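Convention: sequence-line order gives letters A, B, ...; per-chain numbering from 1. These numbers come from a predicted model, not from an experiment.
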Amino acid sequence: MPELPEVEVVRAGVEHWVSGRTVDDVAVLHPRSVRRHTAGAGDFSLRLKERSFTAVRRRGKYLWLELDSGDAMLAHLGMSGQLLVQPREHAAERHQRVRIGLGPAERELRFVDQRTFGHLLIGPLVEDARGGSAGVPAVIGHIALDPLEPEFDDDVFSASLRRRRTGIKRALLDQSLISGVGNIYADEALWRARLHWARPTAGLRRPQVSDLLKHLRDVLREALSAGGTSFDSLYVNVNGESGYFERGLKAYGRAGRPCERCGAAIRREVFMNRSSYSCPGCQRAPRS
DNA sequence: CATTAAACCTGCGGGC
DNA sequence: TGCCCGCAGGTTTAAT
């Protein structure tokens, strides 16, 4: 569900509530939510207990809470994950999976996840092989820099992109090439750049890649300013509030409605077992 | 190595 | 009313 803007909204909210707090209670209510913490739920809890949160960082769609132990709690929201900060006495959400008490405040951090594609794990921070100044969780070493990180290098990205023998949307969704982009913002950036999702990456010119990156950064920042995109109650910030960028979408979810640029009806096509929305008038399909 | 399809889950809305 | 189908913001794993 959540892509870079939504995860950044969550990160900022989590940072506000957990910084300087000490964990006084942990409850893992569903083992699947910590399945990637290979040492098990008991070890997960043990590594959090009595530890304090020192910072909250993000790369792409991953966020992590640094601990004073040198470890970090990594979180990925998957398709339906939420991190909520609630008063301890607040009723349990239907799909509550993990609960973390924040001492001495009378609040707790809750991981709620309907589809359980998301996960939490505790692991060590290591030097960032991709050039960032801060440490990153060892298990996300395969995740590329995201386009809003200052170290993201447009030239390196352009060269990597053109070495690929695939289509542009598949490449944008590949988190080892560029991170943070999902189905919504890939379609929105491609609409803005007037590129069809199947356009071969190998044939793109450097200026086209630059233009695409500009539009991608624009749409990500605009969505962030609007609090993210919420189609329903599945994406909310830590206070349970929806974002309102849905009104800013030009292609995603607009099948049959007129393109705001040329008036042609936006089309929906199934690609990679998911929907792709584009304008037949201004995003021409490649030959073959 | 690069690339792509399948699997992992729950819930909702539409058609019959 | 109930059942079946398709669909949903994603990633990992396995197969080609």
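In terms of the ring-ring contact (aromatic ring centres under 6.0 Å, His included) criterion, A/Phe117 has no residue partners (sequence neighbours excluded). Scanning for side-chain contact (heavy atoms from CB on, under 4.5 Å) contacts around A/Ala202 gives A/Arg165, with sequence neighbours left out. Every residue two or more places apart in sequence or in another chain that forms a side-chain contact (heavy atoms from CB on, under 4.5 Å) with A/Pro207 is listed here: A/Arg205. Among residues two or more places apart in sequence or in another chain, the ring-ring contact (aromatic ring centres under 6.0 Å, His included) test is passed with A/Trp197 by A/Phe271. For the side-chain contact (heavy atoms from CB on, under 4.5 Å) test, residues two or more places apart in sequence or in another chain that qualify with A/Arg221 are A/Leu148, A/Arg217. Judged as a side-chain contact (heavy atoms from CB on, under 4.5 Å), and not counting sequence neighbours, the contacts of A/Ala186 are A/Lys169, A/Leu172, A/Leu173, A/Val181.
Counted within 6.0 Å of CZ on A/Arg261, heavy atoms from surrounding residues, nucleotides or ligands total more than 12; the atom is thus considered enclosed.
Nucleic acid contact for A/Phe231: base, since at least one base atom lies under 4.0 Å from a heavy atom of the residue. Across all strands shown, A/Phe245 has no heavy atoms under 4.0 Å from either base or sugar-phosphate atoms. Within 4.0 Å of A/Thr229, counting heavy atoms only, lies at least one base atom of the nucleic acid.
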Listed pairs, N/O of protein and of nucleotides 13-16 of chain C, under 3.5 Å:
none

Detail all sub-3.5 Å separations between protein N/O atoms and N/O atoms belonging to nucleotides 9-13 of chain B.
{"from": "B/dC9", "atom 1": "O2", "to": "A/Arg115", "atom 2": "NE", "distance (Å)": "2.9"}
{"from": "B/dC9", "atom 1": "N3", "to": "A/Arg115", "atom 2": "NH2", "distance (Å)": "3.3"}
{"from": "B/dT10", "atom 1": "O4'", "to": "A/Gln114", "atom 2": "O", "distance (Å)": "3.4"}
{"from": "B/dT10", "atom 1": "O2", "to": "A/Gln114", "atom 2": "OE1", "distance (Å)": "3.2"}
{"from": "B/dG11", "atom 1": "OP1", "to": "A/Arg94", "atom 2": "NH2", "distance (Å)": "2.7"}
{"from": "B/dG11", "atom 1": "OP1", "to": "A/His95", "atom 2": "NE2", "distance (Å)": "3.4"}
{"from": "B/dG11", "atom 1": "O4'", "to": "A/Gln114", "atom 2": "OE1", "distance (Å)": "3.3"}

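Note on A/Arg163: every side-chain N or O is 4.0 Å or more away from OP1 and OP2 of B/dC1. Contact annotation: A/Gln175 side-chain N/O to C/dT11 OP1/OP2 distance is under 4.0 Å. At the phosphate of C/dG9, neither OP1 nor OP2 sits under 4.0 Å from any side-chain N or O atom of A/Ser80. Checking the phosphate oxygens (OP1, OP2) of B/dT3, a side-chain nitrogen or oxygen of A/Arg164 falls inside 4.0 Å. Listed pair A/Lys61 / C/dT11 meets the phosphate criterion, a side-chain N or O lying under 4.0 Å from OP1 or OP2. Within the 4.0 Å cut-off from OP1 or OP2 of C/dC7, at least one side-chain nitrogen or oxygen of A/Arg268 is found. Side-chain N/O atoms of A/His76 include none lying less than 4.0 angstrom from OP1 or OP2 on C/dT12.
With rounding to the nearest 0.5 Å, the separation of CG in A/Leu83 from CE in A/Met73 is 6.5 Å.
With a 3.5 Å limit on both pairing distances and Watson-Crick or G-U wobble geometry required, the stems of 3 or more pairs in DNA chain B span B:2-8 with C:10-16, B:10-16 with C:2-8.
Spacing of C1' atoms, C/dG10 relative to B/dG13, comes out at 22 Å, to the nearest Å. For the P atom pair drawn from C/dC3 and B/dC9, the interatomic distance equals 23 Å after rounding to whole Å.
Put simply, CZ on A/Arg170 is 15 Å from C1' on C/dG10, counting in whole angstrom units. Protein atom CG of A/Asp146 is 14 Å distant from nucleotide atom P of C/dG10, rounded to whole Å. One atom, CD1 of A/Ile178, and another, P of C/dT11, lie 13 Å apart when rounded to the nearest Å. The NE2 atom of A/His142 sits 9 Å away from the P atom of C/dT11 (whole-angstrom rounding). The CG-C1' distance, from A/Asn237 to C/dG9, rounds to 16 Å in whole Å. Between the CE atom of A/Met272 and the P atom of C/dG9 there is a distance of 12 Å, given to the nearest Å. Note: CG (A/Asp113) to C1' (C/dG9) measures 12 Å, nearest angstrom. One interatomic measurement links the two molecules: OH of A/Tyr252 to P of C/dC7, which rounds to 12 Å at whole-angstrom precision.
Hydrophobic clustering (side-chain heavy atoms under 4.5 Å, transitive across Ile, Leu, Val, Met, Phe, Trp, Tyr) keeps A/Leu67 apart from A/Leu46.
In the hydrophobic clustering (ILVMFWY side chains linked at under 4.5 Å, chained through shared members), A/Trp64 is joined by A/Tyr62, A/Leu74, A/Leu121, A/Leu125, A/Val126, A/Val136, A/Val139, A/Ile140, A/Ile143.
Side-chain proximity of A/Asn183 to the nucleotides C/dG10, B/dT3, B/dT4 is greatest for C/dG10.
Within the structure, side chain to side chain donor-acceptor pair (under 3.5 Å) contacts touching residues 27-36 of chain A (residues at least two apart or in different chains) are A/Arg32-A/Thr116, A/Arg36-A/His119. For the side chain to side chain donor-acceptor pair (under 3.5 Å) condition, the pairs that include at least one residue of residues 122-139 of chain A, sequence neighbours left out, are A/Arg59-A/Asp128.
Checking each of A/Arg99, A/Arg51, A/Arg88 against A/Asp24 for a salt bridge (charged side-chain N to carboxylate O under 4.0 Å, His left out) leaves exactly one that passes, namely A/Arg88.
For the pair A/Asn273 and A/Arg165, nearest-nucleotide mapping onto DNA chain B gives the more 5' position to A/Arg165.
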